[in-house]
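Working notes for the structure below.
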There are 2 protein chains.
Amino acid sequence: MNSEAAHDILAKYLKSNGKRRATTERYAVLDEVMRTQGHFDAEGLYYRLITNGVKVSRATVYNTLELLQNCGLVSKYRFTENSSRYERSYGRPHHHHLICLECGDIIELVNERLERLQNELCSEKSFTPQSSTVQVFGTCSRCRKKE
Amino acid sequence: MNSEAAHDILAKYLKSNGKRRATTERYAVLDEVMRTQGHFDAEGLYYRLITNGVKVSRATVYNTLELLQNCGLVSKYRFTENSSRYERSYGRPHHHHLICLECGDIIELVNERLERLQNELCSEKSFTPQSSTVQVFGTCSRCRKKE
DNA sequence: CTCGGTGCAAATGCTTTGCAATGTC
DNA sequence: GACATTGCAAAGCATTTGCACCGAG
């Protein structure tokens with residue numbers, strides 16, 4: 001998707017943050033992220049980069065993912081035990097997740113009322129929200145039918 | 001708190017689950033959990049057990065925490081990067097978390113409307129919910145003032 | 001007496017780190 | 001040229017596992 005706009009955001013972020021440098025690796029990782037639909041993990045992204053002939057190290061992938069998080073281009077989640085999952089967040093509305101415990105499928109949820117209610121509850125507690133996740137674990141309709 | 005009732009729940013669960021056995025270690029871990037206020041991690045619980053003269057291994061602590069999760073006595077969360085956090089869930093309403101990124105404080109949130117809205121959204125997607133967490137990351141009022 | 005559970009230490013798997021080499025600014 | 005960033009392999013860390021021993025049923 002609009003990869004160029006994402007480049008701009010990263011460029012602006014790097015410049016505004018003093019000593020941070022624009023390296024080929026960082027843009028390569030960003031491109032791969034923008035090419036990716038849905039959720040992915042660090043290892044998978046690394047594998048796809050290598051397979052596409054991009055020379056990066058795992059360390060750089062992890063570093064860059066953190067960087068991209070900081071400029072709001074990527075979100076990070078921890079649904080299951082072992083590994084962190086990421087997703088492209090540029091150009092996508094804020095949303096939440098229904099996670100099927102049977103098949104691991106993730107259904108996304110966008111809801112204005114939920115956002116509003118959350119904000120309301122935060123101000124009741126004088127809490128200034130920055131980011132949030134709603135994670136509902138359960139069974140999706142497909143798996144439900146199988147049983 | 002009502003540790004005896006919790007014992008009963010565990011006993012019932014063990015019996016109903018065929019081959020599972022009631023060991024001293026399991027009850028010792030449960031007792032320590034019931035004695036704990038707020039959130040804790042596996043290592044901390046292990047440490048407190050050892051310090052109190054209870055002989056258990058880390059492996060058993062992890063095992064038992066999973067067991068207690070399965071009978072609904074304990075909930076598990078993954079707020080931060082590294083380690084899982086647990087909390088006693090027996091005798092407590094379902095609630096959510098506002099997590100302060102400055103001081104790490106966790107504010108609990110109980111709200112009926114939020115629960116209802118969640119359930120509504122699930123049925124729209126024909127999703128059968130089992131458990132859920134809402135995690136809002138931000139700044140608490142105390143840290144807000146400091147800035 | 002059986003077989004599920006425990007303890008230990010070693011293994012696992014994701015993620016980070018230390019340091020020399022590299023490439024941006 | 002200075003120094004932030006990279007790559008590599010090794011280290012870290014929370015959690016799990018394999019196996020011999022133990023003890024609940």
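Since the structure is predicted, the reported quantities are computational estimates derived from the model, not experimental observations. Chain A is the first sequence line, chain B the second, and so forth, proteins listed ahead of strands; every chain is numbered from 1.
For A:R58 against D:dC8, no side-chain N or O and base N or O form a donor-acceptor pair under 3.5 Å.
Neither OP1 nor OP2 of D:dG23 sits under 4.0 Å from any side-chain N or O of B:T24. Here B:S84 reaches the OP1 or OP2 of D:dT15: one of its side-chain N or O atoms lies under 4.0 Å away. Checking the phosphate oxygens (OP1, OP2) of C:dG4, no side-chain nitrogen or oxygen of B:T23 falls inside 4.0 Å. A sub-4.0 Å separation between OP1 or OP2 of C:dT16 and a side-chain N or O of A:Y62 is absent. Phosphate proximity of C:dG5 to B:R26: present, with a side-chain N or O under 4.0 Å from OP1 or OP2. A sub-4.0 Å separation between OP1 or OP2 of C:dC8 and a side-chain N or O of B:S57 is absent.
Summarising the geometry, the separation between NZ on B:K76 and P on D:dT16 is reported as 6 Å, rounded to the nearest angstrom. Put simply, CD on B:E66 is 7 Å from P on D:dT16, counting in whole angstrom units. In this entry the distance linking CG of B:L65 with P of D:dT15 reads 9 Å, nearest Å. Protein atom CG of B:D41 is 12 Å distant from nucleotide atom C1' of D:dC13, rounded to whole Å. Atom CG in B:L67 sits roughly 14 Å away from atom C1' in C:dT6 (whole-Å rounding). As a whole-Å value, the separation of B:Q69 CD from D:dT15 C1' is 13 Å. Taking atom OH on B:Y27 and atom P on C:dT6, their separation rounds to 12 Å, with Å as the unit. Summarising the geometry, the separation between CG on B:N63 and P on D:dC22 is reported as 19 Å, rounded to the nearest angstrom.
The nucleotide whose nearest atom lies closest to any side-chain atom of A:E25 is, among D:dG7, C:dC25, C:dG7, D:dG7. In the set D:dG25, C:dC8, D:dT15, the nucleotide with an atom closest to the side chain of B:A42 is D:dT15. Out of C:dT24, C:dT15, C:dG4, the shortest distance to the side chain of B:R21 is found at C:dG4.
Panel note: side chain B:T60, backbone B:V56; no donor-acceptor pair is recorded below 3.5 Å.
The pair A:R92-A:E87 meets the salt-bridge criterion, since a charged nitrogen lies less than 4.0 angstrom from a carboxylate oxygen. Under the 4.0 Å criterion applied to side-chain N and carboxylate O atoms, A:R58 and A:E43 are assigned as salt-bridge partners. Between A:E108 and B:K125 no salt bridge is recorded (no basic side-chain N to carboxylate O distance below 4.0 Å).
DNA chain C is contacted by both A:Y86 and B:K19; B:K19 maps to the nucleotide lying nearer its 5′ end (nearest heavy atom per residue). If B:A59 and B:A22 are placed on DNA chain D by their nearest nucleotide, the residue sitting closer to the 5' end is B:A59.
Neither side chain, B:H96 nor B:Q135, offers a donor N or O lying under 3.5 Å from an acceptor on the other.
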